[in-house]
Amino acid sequence: MTSSSEEPLVAPEFVVPAPPVTERFRLEPLGPGHNVSDHAAWTSSIEYIRGTPDYAGRAWPPPEGMSLEANLADLRGHARDFERRTGFTYTVLAVPGGEVIGCVYIYPSRAEPGAVQVRSWVTASRAALDADLYRTVSAWLAQEWPFGRVLYNPR
């Protein structure tokens, strides 16, 4: 879900806020170093993710999965978007432990100009965290980001 826009989501002087950390998970910018654990996380939960509010009826995740190399290319694209400030993708890491258990994507809305579309997923084994992730990310975006309108499916 990389950006099709080259327009930054935030002003150049905006300092991207530190991502949230809770007792059960923490966010950090997604990058190529997460490839193996990210791939393992979402491929273990394709059917579950496709049934969640943010992914029902969408092409991602692909039912047949994708190769580790294709996943790496995708992660590099997200890191590039982050660097260019055209989209912000965060991996969700378990606390304690640090394994990848989900992801959060912050991109311009294709359906509503001027709005930001947020999507997130957690692995099937961590489904109980989905609503907590939604609440945590929603509060973080409202309190620390300059977005006027955020589209994010409630949990």
Side-chain angles (χ1 to χ4, degrees), residues 1-22 25-43 45-46 49-50 52-62 64-95 98-123 129-130 132-155:
M1 179 173 151
T2 56
S3 174
S4 60
S5 170
E6 291 301 315
E7 290 296 316
L9 273 177
V10 294
E13 63 276 4
F14 177 75
V15 177
V16 175
V21 175
T22 74
F25 61 85
R26 65 184 175 86
L27 274 61
E28 72 178 41
L30 178 68
H34 298 110
N35 189 38
V36 172
S37 53
D38 174 75
H39 186 265
W42 71 261
T43 59
S45 300
I46 292 172
I49 295 168
R50 290 180 65 84
T52 62
D54 291 334
Y55 297 94
R58 299 187 57 81
W60 194 92
E64 68 283 358
M66 71 169 71
S67 71
L68 199 55
E69 294 77 23
N71 196 67
L72 179 59
D74 195 44
L75 270 56
R76 285 182 175 142
H78 287 301
R80 213 171 18 260
D81 292 345
F82 202 107
E83 183 179 306
R84 294 176 180 161
R85 301 163 74 92
T86 58
F88 299 91
T89 303
Y90 292 86
T91 189
V92 181
L93 303 171
V95 171
E99 72 269 15
V100 172
I101 58 171
C103 212
V104 175
Y105 307 87
I106 306 165
Y107 278 89
S109 170
R110 292 182 180 153
E112 193 173 314
V116 173
Q117 178 71 60
V118 178
R119 291 190 171 89
S120 63
W121 59 265
V122 295
T123 59
L129 291 179
D130 197 32
D132 191 27
L133 177 64
Y134 168 80
R135 284 188 298 274
T136 300
V137 169
S138 293
W140 178 56
L141 292 171
Q143 294 165 8
E144 306 214 25
W145 289 80
F147 304 133
R149 179 139 164 79
V150 174
L151 308 174
Y152 189 10
N153 287 314
R155 307 305 200 262

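All values below come from the heavy atoms of this structure, side chains included, with hydrogens, waters and symmetry mates left out.
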Legend entry - Side-chain donor/acceptor of H78 to backbone N/O of P29, under 3.5 Å: no
Legend entry - Heavy-atom pair of closest approach, residues C103 and T89: SG-CG2, 3.7 Å
Legend entry - Rounded distance (nearest 0.5 Å) linking atom CH2 of W121 with atom CD1 of I46: 10.0 Å
Inset, instruction - Mind checking the OG1-CG spacing from T22 to L133? Nearest 0.5 Å is all I need. - result: 8.5 Å
Inset, instruction - Show your working on side-chain contact (heavy atoms from CB on, under 4.5 Å) between V104 and V118 and close with a plain yes or no. - result: CA-CA 7 Å; V104 175; V118 178; 4.1 Å; yes
Legend entry - Closest non-hydrogen atom pair between A41 and V100, with its separation: CB-O, 3.5 Å
Legend entry - Gap between atom CG of L9 and atom OH of Y107 - 0.5 Å precision: 9.0 Å
Legend entry - Those residues that, when tested against H34, pass ring-ring contact (aromatic ring centres under 6.0 Å, His included) (two or more places apart): none
Legend entry - Heavy-atom side-chain contact between F88 and V10 under 4.5 Å: yes
Inset, instruction - Return yes if some donor-acceptor pair links the side-chain N/O of R84 with the main-chain N/O of P8 below 3.5 Å, else return no. - result: no
Legend entry - Sidechain-backbone polar pair: R50 side chain, P61 backbone, donor-acceptor under 3.5 Å: yes
Legend entry - Minimal non-hydrogen separation, L72 against P32, with atom names: CD1-CB, 3.7 Å
Inset, instruction - Taking ring-ring contact (aromatic ring centres under 6.0 Å, His included) as the test, write out the residues that go with Y90, two or more places apart. - result: F82, W140
Legend entry - Point-to-point distance, once rounded to the nearest 0.5 Å, from OG1 of T86 to CD1 of I106: 12.0 Å
Legend entry - Inter-residue atom distance R119.CZ - I49.CD1, 0.5 Å rounding: 13.5 Å
Inset, instruction - List for me each residue that meets side-chain hydrogen bond (donor to acceptor under 3.5 Å, both in side chains) alongside R26, sequence neighbours excluded, and say none if there are none. - result: E28
Legend entry - Any side-chain heavy-atom pair of V137 and L27 under 4.5 Å: yes
Legend entry - Any pair counted as salt bridge (Lys or Arg N to Asp or Glu O under 4.0 Å), so long as it reaches residues 32-43, sequence neighbours left out: none
Side-chain atoms of residues 145-155: list all donor-acceptor pairs with protein atoms under 3.5 Å, sequence neighbours left out, distances to 0.1 Å.
unit_1	atom_1	unit_2	atom_2	d
R149	NE	E112	OE2	2.4
R149	NH2	E112	OE1	3.4
Y152	OH	S120	OG	2.7
N153	ND2	P53	O	3.1
N153	ND2	D54	OD1	2.9
R155	NE	D130	OD1	3.4
R155	NE	D130	OD2	2.9
R155	NH1	D54	OD2	3.3
R155	NH1	N153	O	2.4
R155	NH2	D54	OD2	2.6
R155	NH2	S120	O	3.2
R155	NH2	S120	OG	3.1

Legend entry - Sub-4.5 Å side-chain heavy-atom contact between R85 and V16: yes
Legend entry - Mutual orientation of the aromatic rings belonging to Y105 and W60 [parallel < 30°, tilted 30-60°, perpendicular > 60°]: perpendicular
Legend entry - With A94 via side chain to side chain contact (heavy atoms under 4.5 Å, CB included) - residues at least two apart: E99, I101, R126
Inset, instruction - Taking all non-hydrogen atoms of both residues into account, name the closest pair between P113 and A111 and its distance. - result: CD-O, 3.8 Å
Inset, instruction - Sequence neighbours left out, what passes side-chain hydrogen bond (donor to acceptor under 3.5 Å, both in side chains) with N35? Give chain and number order. - result: N71
Inset, instruction - Check the surroundings of atom CD in E83: do more than 12 heavy atoms from other residues, nucleotides or ligands lie under 6.0 Å from it? - result: no
